[in-house]
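Below: the structure, in structure tokens.
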Amino acid sequence: MTGAFAEAQLYTIPNVIGLNIRASIESGQPLTFHANYKLDDGTERLDYVTQDGVIRLQRERARPDALLYSFAGNYTRSSARDEIASRFGLSHDMRRIYSRIRTDRFMDNAVSSLYGMRVTENHPWEATLCYLISQFNNIKRIRGIVRGMISRFGDTVEQDGIAFKLFPSPERISKASINELMACGTGFRAKYIKNTARAFSENPGYAGMHGTEYGELKNRLMDLDGVGDKVADCILLFGYRKHMAFPIDVWIKRVVEEVYFDGRKQKISEIHGFADRKWGSYAGYAQQYLFESGRRNRIGVRNDKGHR
DNA sequence: ACCCAGGCGGGCG
DNA sequence: CGCCCGCATGGG
């Protein structure tokens, strides 16, 4: 895909201060599963597809506050810029967010080491498909499955004689057979994916429920096949900009128990209550720093002798 | 061989 | 409600 952009015109988004692209796309968010990131000789390059087209970003070491971009597919110069600005949360008030989540030494450290990492804003269907696949799975394999689904089921777009596969639509996924879905490595999740894709394609309203209140939207999402408490919170946080959502997976559970409860086991409901009291409407941002910091430092992971 | 992975649905008490 | 179990698949 990279070569196709060699002669494409680059546009500029100026005054982007303190965006950590790498941490934002390597921290288990939807772009982790299908974006391509490279750092060569001080230049960062990133490309990813949506249902609408292809986005390519570039940033040079000598101009760290300028995001350069190009696009293909159905994007225009301004719609591509809007996609990038929302995707990377360029309007997020990071000073306020950091002042609310730097509640203790661990969070202070996490913010320092991951400074500039954003909670990205992704399309609801994209987030839903990614986190349906994520359940009882690992990040490397999730990447393979999501990429496989893009190459098998994504619409083809041509630009300057080069073909691209876009992010697959719920319509196309709902029409795939269970066997076709299994062939991508989805395993027991194939039925969830097919049923939930059908729900999205039969009810286009799912794509535009950003205004619905958190609790009500969570209930709606948990009606979908394969969407439980954790996947719903991921969709709310990464797909609907609900920054109070606090997805609790095995990593978050371990980190919270280790850092805040001296290693004592806590119920999921207790951790939800703790996060809500401690970080409130910024809990989702706190979660993202807890998750990535805990994962990088393997907080609470036991070795083969059963010791910590 | 064994363990684990950004969990969930169904069945049971 | 809460708890427990099976679940596809591949990597360490």
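Sequence lines set the chain letters: A, B, ... in the order given, protein chains first and strands last, and positions in each chain run from 1. Every value quoted in this text rests on a predicted model; they were computed, and no experiment measured them.
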When we call it a touch if two heavy atoms are under 4.0 Å apart, what does [X] touch: a base, just sugar-phosphate, or nothing?
X        : result
A/Ile139 : sugar-phosphate
A/Ser27  : base
A/Gly226 : sugar-phosphate
A/Glu292 : nothing
A/Arg295 : nothing
A/Leu224 : sugar-phosphate

Closest nucleotide among [options] to the [X] side chain:
X        : options              : result
A/Phe188 : C/dC7, C/dC3, B/dG6  : C/dC7
A/Ile252 : C/dC3, B/dG6, C/dT9  : B/dG6
A/Gln288 : B/dC8, B/dG6, C/dT9  : B/dG6
A/Gln135 : C/dC7, B/dG6, B/dC8  : B/dC8
A/Lys140 : C/dG11, C/dC3, B/dG6 : C/dG11
A/Tyr131 : B/dG9, C/dA8, B/dG6  : B/dG6

Could you tell me the separation between the [atom1] atom of [X] and the [atom2] atom of [N], rounded to a whole number of Å?
X        : N     : atom1 : atom2 : answer
A/Phe291 : B/dA5 : CZ    : C1'   : 11 Å
A/Leu221 : B/dG9 : CG    : P     : 12 Å
A/Lys265 : C/dC3 : NZ    : P     : 14 Å
A/Asn137 : B/dG6 : CG    : P     : 8 Å
A/Leu132 : B/dG7 : CG    : P     : 13 Å
A/Ile268 : B/dC8 : CD1   : P     : 9 Å
A/Ile25  : B/dG6 : CD1   : C1'   : 17 Å
A/Lys253 : B/dG6 : NZ    : P     : 16 Å

A/Tyr131 versus A/Asp249, side-chain donor and acceptor atoms under 3.5 Å: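 No - no donor-acceptor pair under 3.5 Å links their side chains.
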What are the two closest non-hydrogen atoms of [X] and [Y], and how far apart are they?
X        : Y        : value
A/Val111 : A/Arg102 : CG1-NH2, 3.1 Å
A/Val49  : A/His34  : O-CE1, 3.2 Å
A/Thr156 : A/Ala163 : CG2-CB, 3.8 Å

Nearest-Å distance once atom [atom1] is located in both [N] and [M]:
N      : M      : atom1 : answer
C/dG10 : B/dG9  : C1'   : 23 Å
B/dC8  : C/dG11 : P     : 24 Å
C/dT9  : B/dG10 : C1'   : 22 Å
B/dG6  : C/dG6  : P     : 22 Å

Are the ring of A/Phe136 and the six-membered base ring of B/dA5 within the stacking cut-offs of under 5.5 Å and under 30°?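 Whether judged by distance or by angle, A/Phe136 falls short somewhere, so it does not stack on the base of B/dA5.
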For A/Gln287 and for A/Tyr192, find the nucleotide of DNA chain B with the closest heavy atom, then tell me which residue's nucleotide is more 5'.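 Mapping each residue to its closest nucleotide by heavy atoms, the 5'-most match is A/Gln287.
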Geometric class of the A/Trp279/A/Phe246 ring pair [parallel <30°, tilted 30-60°, perpendicular >60°]: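 Aromatic pair A/Phe246/A/Trp279 classed parallel.
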Ring geometry between A/Tyr192 and A/Phe188 (parallel below 30°, tilted from 30 to 60°, perpendicular above 60°):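 Ring orientation of A/Phe188 relative to A/Tyr192: perpendicular.
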Determine: side-chain N/O of A/Arg143 to OP1/OP2 of B/dA5, distance under 4.0 Å, yes or no.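 For A/Arg143, the contact criterion (side-chain N or O under 4.0 Å from OP1 or OP2 of B/dA5) is not met.
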Does any non-hydrogen side-chain atom of A/Cys130 lie less than 4.5 Å from one of A/Ile142?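 They are not in contact (no side-chain heavy atoms under 4.5 Å apart), so the answer is no.
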In the structure shown, which nucleotide is the Watson-Crick or G-U wobble counterpart of B/dG6, with both distances under 3.5 Å?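 None - no nucleotide pairs with B/dG6, as no candidate has both distances under 3.5 Å.
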Of A/Ser269 and A/Arg141, whose closest DNA chain C nucleotide lies nearer the 5' terminus?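 This one resolves to A/Ser269.
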